Protein chains: 2
Amino acid sequence: MGTAERKEREKEQRRLSIIEAAEKVFLSNGFDNTTMDEIADVAELSKGTLYLYFKSKEELFLEIVKKGSQILNSYFKKAVEKEKNGLDKVKAIGEAFIKFYNKHKEYHEAMMFDHSRLHNFESKDVKAKCVGKDSEGDTIFVDVINEGIADGSIRKDIDPVKTSLLLWGQTMGVLQLIQMRGKSLEVECKTKPEDLMSYFFEYTGHALKA
Amino acid sequence: MGTAERKEREKEQRRLSIIEAAEKVFLSNGFDNTTMDEIADVAELSKGTLYLYFKSKEELFLEIVKKGSQILNSYFKKAVEKEKNGLDKVKAIGEAFIKFYNKHKEYHEAMMFDHSRLHNFESKDVKAKCVGKDSEGDTIFVDVINEGIADGSIRKDIDPVKTSLLLWGQTMGVLQLIQMRGKSLEVECKTKPEDLMSYFFEYTGHALKA
DNA sequence: TCGTTTACTGACTACTGGTCATTTCTTAAC
DNA sequence: GTTAAGAAATGACCAGTAGTCAGTAAACGA
């Protein structure tokens, strides 16, 4: 009989509905201003039940980070398809990042938060990506750089792995700077976030091109 | 009579001793794992007293961040003195950052934490620095880049202000990546943190040099 | 129908940032 | 030396919240 299977499905369904509820609350209120009781309310369950499905508040939060990084990843894949040479693909990835940042600011914020606070946790998707691998084991960044070296659009004396690490770190850093100093940038430096970003692309292009 | 002055001094002294106690606890346990009671214990005062001198736990924490960024600043100043041309000074600043990171990991961590979590607070020293100004109003980064352009060591078509913002953001980002992925870097990418950093310098040199 | 397993509940605990009425100490005038 | 006013410090207390667990309800199989 399919009872066991049905139960399995229902359990998974419940799990997903908790994540959905958590997503709503976390993304609109942030980690610190979200209570487990609130999530339980939205999920129409008691707090205790949440702990049957997730070990802790942080673990539940990580599910949202994971979703965000999956979305980001799909942006990357789409961006790469359109371009012909390696260097353009690198730029397209950068632009995809910005697009993601603009369309999903809440996800981005959650991912940043995770990045800087929840060290102790394992989030394969996010962790792996900055290392050049996404959740499916692809090495988008490294591949694209290698492609660029092969097709002559990227200079030959760079190290693909190190460079992909660098680009990831740099992009995160610059975005973080923009996110936090947005207003003071304009006031104190007369620099619009978009301008700084496109300057960053230009700079990176210059650093990589053959 | 000097009573008032003496009281003033004593008050300042108390303030400093609270900061000192807070520093010990924050730097060894981190923000989240530190309680105000613990700080009060170390300072040999009651918790209530802490709140006579500091508005909140976060404000007290910011004092530590401030100290860190003052130390960092002194590293920068020293680094710049030694070098002759602009590009070398930029590199020296980068190396100073690493030196600071290695010698004062706990401060660096505190500063990172502040950066990513305590948005709402004003920490002039830190905030201003990434914008090219330190607490005394100097614009070390921008100055150094301008110097490099003038002496011909840095290419003329870069924007000093935007570039200094970029370099700051990038450096923070790369360091953050190293700090968080230290072990997995070596395992998954066969890349030592130091190697990645020196590669970063090389890369930056290439991007800036005339 | 009934015993058993599974899912769920919500009152409870432990902890902690922040408050404030009360106590203790200091000072200066008499 | 005494005392009253003011300053400094205290710690019991409050409110909020992550996480627990004994107990209840529902689903199931016999």
Side-chain angles (χ1 to χ4, degrees), chain A residues 1-22 25-26 28-64 110 113-114 117-121, chain B residues 1-22 24-26 28-65 110 113-114 117-121:
Chain A
M1 76 188 54
T3 311
E5 287 79 356
R6 199 206 64 219
K7 278 206 161 187
E8 199 65 30
R9 274 202 314 278
E10 281 176 355
K11 219 170 170 179
E12 181 57 18
Q13 193 50 49
R14 180 120 299 175
R15 204 184 118 86
L16 290 177
S17 77
I18 292 175
I19 293 177
E20 200 183 333
V25 189
F26 276 135
S28 64
N29 299 342
F31 185 82
D32 286 332
N33 294 319
T34 293
T35 71
M36 290 301 268
D37 277 308
E38 213 175 338
I39 295 173
D41 261 14
V42 174
E44 294 175 300
L45 290 166
S46 75
K47 184 164 60 166
T49 305
L50 303 191
Y51 285 92
L52 294 176
Y53 289 83
F54 299 94
K55 212 169 77 265
S56 66
K57 187 183 177 185
E58 296 199 337
E59 195 181 293
L60 185 45
F61 183 73
L62 271 188
E63 291 296 326
I64 277 69
F113 186 86
D114 157 65
R117 259 197 81 200
L118 313 177
H119 295 197
N120 32 331
F121 278 83
Chain B
M1 75 188 57
T3 310
E5 288 79 356
R6 199 207 63 221
K7 277 206 160 188
E8 200 65 31
R9 272 201 315 278
E10 282 175 353
K11 220 169 169 179
E12 180 59 17
Q13 192 50 49
R14 180 119 300 176
R15 204 184 118 87
L16 291 177
S17 77
I18 292 174
I19 293 178
E20 199 183 335
K24 277 183 203 155
V25 189
F26 277 136
S28 65
N29 299 343
F31 185 81
D32 287 332
N33 295 318
T34 293
T35 71
M36 290 301 268
D37 277 308
E38 212 174 336
I39 295 173
D41 261 15
V42 174
E44 294 174 301
L45 290 166
S46 75
K47 183 164 61 167
T49 306
L50 303 191
Y51 285 92
L52 295 176
Y53 290 82
F54 300 93
K55 213 167 77 263
S56 66
K57 187 183 177 184
E58 297 200 336
E59 194 181 294
L60 185 45
F61 183 74
L62 271 188
E63 291 296 326
I64 278 70
V65 172
F113 186 86
D114 158 65
R117 260 197 80 201
L118 312 177
H119 296 195
N120 32 332
F121 276 83

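By convention in this document, chain letters (A, B, ...) are assigned in the order of the sequence lines, proteins followed by strands, and residues within each chain are numbered from 1. No experiment lies behind these values; they were computed from the predicted model shown. Side-chain atoms are counted along with the backbone in the values below, which use heavy atoms only and exclude waters and symmetry mates.
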Report task. Among Arg14(A), Glu20(A), Glu12(A), find the residue that satisfies the side chain to side chain contact (heavy atoms under 4.5 Å, CB included) test when tested with Leu16(A). Result -> Glu12(A)

Query - Side-chain heavy-atom pair Tyr53(A), Ile19(A) within 4.5 angstrom cut-off - result: no

Requested in this report: Using whole Å, report how far CZ of Arg9(A) lies from P of dA27(D).
Outcome: 16 Å

**Report entry** Whole angstrom value for the distance that separates P of dT19(C) from CZ of Phe54(B)
**Finding:** 15 Å

Query raised in the report: Asp32(A) and Lys57(A): which non-hydrogen atoms are nearest, and at how many Å?
Result: O-NZ, 4.2 Å

Query raised in the report: Along nucleotides 9-20 of chain D, 5' to 3', which nucleotides get a B, which get an S, and which get a -, given that the test is a protein heavy-atom distance under 4.0 Å?
Result: BBB-----SBBB

Report task. Please report, rounded to the nearest Å, how far the P atom of dA26(D) is from the NZ atom of Lys11(A). Result -> 19 Å

Quiz: residues 43-51 of chain A side-chain donor-acceptor pairs under 3.5 angstrom, not counting sequence neighbours:
{"unit_1": "Ser46(A)", "atom_1": "OG", "unit_2": "Thr49(A)", "atom_2": "OG1", "d": "3.3"}

Requested in this report: Please state whether the rings of Phe61(B) and Phe31(B) are parallel, tilted or perpendicular, taking 30° and 60° as the class boundaries.
Outcome: perpendicular

Query raised in the report: How long is the line joining CZ of Arg15(A) and P of dA7(C), in whole Å?
Result: 15 Å

Query - Any residue meeting side-chain hydrogen bond (donor to acceptor under 3.5 Å, both in side chains) with Asn29(A), in chain and number order, not counting sequence neighbours - result: Glu38(A)

